[in-house]
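I have placed the structure first, in the form of structure tokens, so that the comments after it can refer back to it.
Residue numbers begin at 1 in each chain, while the letters A, B, ... track the order of the sequences.
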Amino acid sequence: MTNPYLDARFQPLSGIFIMYDLRTLRDNLDATKEQLGRRGNDIPWDKLRTLIEQRRTLTSQTEQLRHELKMGSDKVAKLKREKQSADACMAAMKAVGERIKTIEDELRNVEEALTDLNLRIPNLPHSSVPTGKDAGDNQEARRWGSPPVLTTPAKSHWELGEDLGILDFDRAAKISGARFAVLTGTGARLERALINYMLDLHTTQHGYREVLPPFLVNRSSMTATGQLPKFEEDLFRLRDEDYFLIPTAEVPVTNLHRDEILTESALPIRYTAYTPCFRREAGSYGKDTRGLIRLHQFNKVELVAFTMPERSYEELERLTSHAEAILQGLGLHYRVVTLCTGDLGFSAAKTYDIEVWLPSQNHYREISSCSNFEAFQARRASIRYKGTVEKNVAKTEFVHTLNGSGLAVGRTLVAVLENYQQPDGSILIPEVLRHYMGGVERIRKE
RNA sequence: GGAGAGGUGGCCGAGUGGCCGAAGGCAGCAGUUUGCUAAACUGCCGUAGGGGGAAACUUCUACCGAGGGUUCAAAUCCCUCCCUCUCCGCCA
């Protein structure tokens, strides 16, 4: 069964609300507000409360009137069959019908407002998430490896790449604009090698099934995973069709199972997907303007998992370790950070960021973000599972969804260039990539 | 892009205004018969929301691709949209 609430043109009229369950929300409105803290600041809670109550009243009114109408219509049918006059009854039912129409118009407005509000409430943080205001309050969970020892001052990846002739930002600006890059020669091959290395590791060692999804998706898909309605300005959208360019493979891959009921035995489902990702980067003017760090288009290998609710937190640890395995294989120093409540994304209940060491910045930079969304996306997307308990079919429940970058390919290329730079400006290729590079061991000036 | 055909329960498929939440079949579940299996027979067998009950359950409402309209009454009539299929065109 499809979830009509995701259709932009749908005018809701009684029935279920998939995002936040309305009854639960009503009973826990204050607690929800409390738990969301700063993240719920822009939600008009009093209006929400009023709308929920109005919906309840109007719904029961229409139900009563519909019952009346149904009885009346049956009576008309009976009278006509018995060749008696039904005029009086028909007139009375016409009046009832008009009352229903009036009340339903009102109900429609209430539900529309309610649905829109509901879709803009962020997910609740998990209890293990540290409380905090912003990125400054994130907690470092662990570090792996150590920064490389460079005998000369670290050059930035754009200096290295342009000197080597494998990165071209000027021509990218000409053919597209700011925040685009052209990779050429060994640079292009290195990007491709990284993609293949990541996909191969995840599919052969970590148990993920490879997916190559569409890069354009519809509005329903974007709403299901939480990009819409709140973050439309971050997305590229086609002018003549209601399609969006995906900002991450999370969107098409999570939506693979939208409006489906999975069997318990099929869980967990694990997918990995390579896709380009497209982001408007509205509001990031002046940040990371040089280099490959922040582009309108970049490549990413994504990990996506669907699990039973009681398994999702162990899956989050697993999934994060799979992303880490890529960096370990490449021999890149990194740390894992637990995002605090204030830094958590809209849809996530808990997130680990993996940050790789960049010598030129003397800093860790985000290269992966691994999140458990619990049932937040599953509700919006209506992804459920049905189990069996001693031959009886158990109640269908929402699955938990997770995803993480495994990894952002462009930023991985940055990390390889900067961490493996040699005094002469050449780049040593990490062992694991060499067979994807046709045996090339070092990138020299082209 | 042009022309046409469709979308009904887990599946197949009937249903052109009321007694239709929807015939019939398949699959599934429970039982009867049987030495076992098979077959036959009987019953059950959609989803969601609200009310009642400790509970098995019961009652109301909605749902026949989605939305809107006509009507006392819509799976059925009208409009819009989405999707699938066939043929032509174009293309990789």
Discussion item. I need the CZ-C1' distance between A:R384 and B:U47, as an integer number of Å.
Written reply: 8 Å
Item to complete: For B:C90 and B:C78, measure between their P atoms and round to the nearest Å.
Response: 36 Å
Worksheet item: Nearest to the side chain of A:L69, which nucleotide is it out of B:G18, B:A62, B:A73?
Response: B:A73
Worksheet item: With sequence neighbours excluded, what pairs up with A:Y313 under the ring-ring contact (aromatic ring centres under 6.0 Å, His included) test?
Response: A:H126
Worksheet item: Any idea which of B:C72, B:A48, B:C60 is nearest the A:E63 side chain?
Response: B:C60
Worksheet entry | Under-4.0 Å side-chain N/O to phosphate OP1/OP2 contact, A:K70 with B:A62 | yes
Worksheet entry | For A:L344 against A:P125, the heavy-atom pair lying closest together | CD2-CB, 3.8 Å
Discussion item. I'd like to check A:L235 versus A:M222 (side-chain heavy atoms, cut-off strictly below 4.5 Å). Are they in contact?
Written reply: yes
Worksheet item: For atom P, what is the distance between B:U80 and B:C91, given to the nearest Å?
Response: 32 Å
Discussion item. For B:C91, give the paired nucleotide (Watson-Crick: N1-N3 plus N6-O4 or O6-N4; G-U: N1-O2 and O6-N3; both under 3.5 Å), or none.
Written reply: none
Response to the item:
note: A:K80, atom NZ; B:A73, atom P; distance rounded to Å ~ 11 Å
Discussion item. Both distances below 3.5 Å, Watson-Crick or wobble geometry, any strand: find the nucleotide opposite B:A55.
Written reply: none
Fill in: P gap between B:G68 and B:A74, integer Å
14 Å
Practice prompt. Round to the nearest Å and state the distance from A:K101 atom NZ to B:C72 atom C1'.
Written response: 12 Å
Discussion item. Could you tell me how far B:A75 sits from B:A27 if I compare only their C1' atoms? Round to whole Å.
Written reply: 25 Å
Item to complete: Under a 3.5 Å limit for both distances, which nucleotide forms a Watson-Crick or G-U wobble pair with B:C85, could you say?
Response: B:G4
Worksheet entry | Nucleotide of B:G18, B:G68, B:U61 approaching A:R81 most closely (side-chain heavy atoms) | B:G18
Fill in: Pair partner, B:G31 [Watson-Crick or wobble, under 3.5 Å]
B:C41
Worksheet item: Please give, in whole Å, the distance from B:C60 C1' to A:D74 CG?
Response: 14 Å
Worksheet item: Reckon A:M93 touches a base, only the sugar-phosphate, or nothing at all at heavy-atom distances under 4.0 Å?
Response: sugar-phosphate
Worksheet item: To the nearest Å, how far apart are A:M71 CE and B:A73 P?
Response: 15 Å
Worksheet item: Who does B:C26 pair with, Watson-Crick or G-U, both distances under 3.5 Å?
Response: B:G10
Item to complete: Under the salt bridge (Lys or Arg N to Asp or Glu O under 4.0 Å) rule, collect the residues that match up with A:R290, sequence neighbours excluded.
Response: none
Discussion item. Measure CD/A:E112 against P/B:A66 and give the value in whole Å, please.
Written reply: 19 Å
Discussion item. Does A:R120 have more than 12 heavy atoms from other residues, nucleotides or ligands lying within 6.0 Å of its CZ?
Written reply: yes
Worksheet entry | side-chain contact (heavy atoms from CB on, under 4.5 Å) between A:L433 and A:L190, intermediate numbers included | CA-CA 8 Å; A:L433 294 180; A:L190 179 57; 3.7 Å; yes
Discussion item. Can you tell me which nucleotide in B:C72, B:G49, B:C19 comes closest to the side chain of A:S73?
Written reply: B:C72
Worksheet item: B:U70 pairs with which nucleotide, Watson-Crick or G-U wobble, both distances below 3.5 Å?
Response: none
Worksheet item: According to the Watson-Crick and G-U wobble definitions, with both distances under 3.5 Å, which nucleotide is paired to B:C63?
Response: B:G46
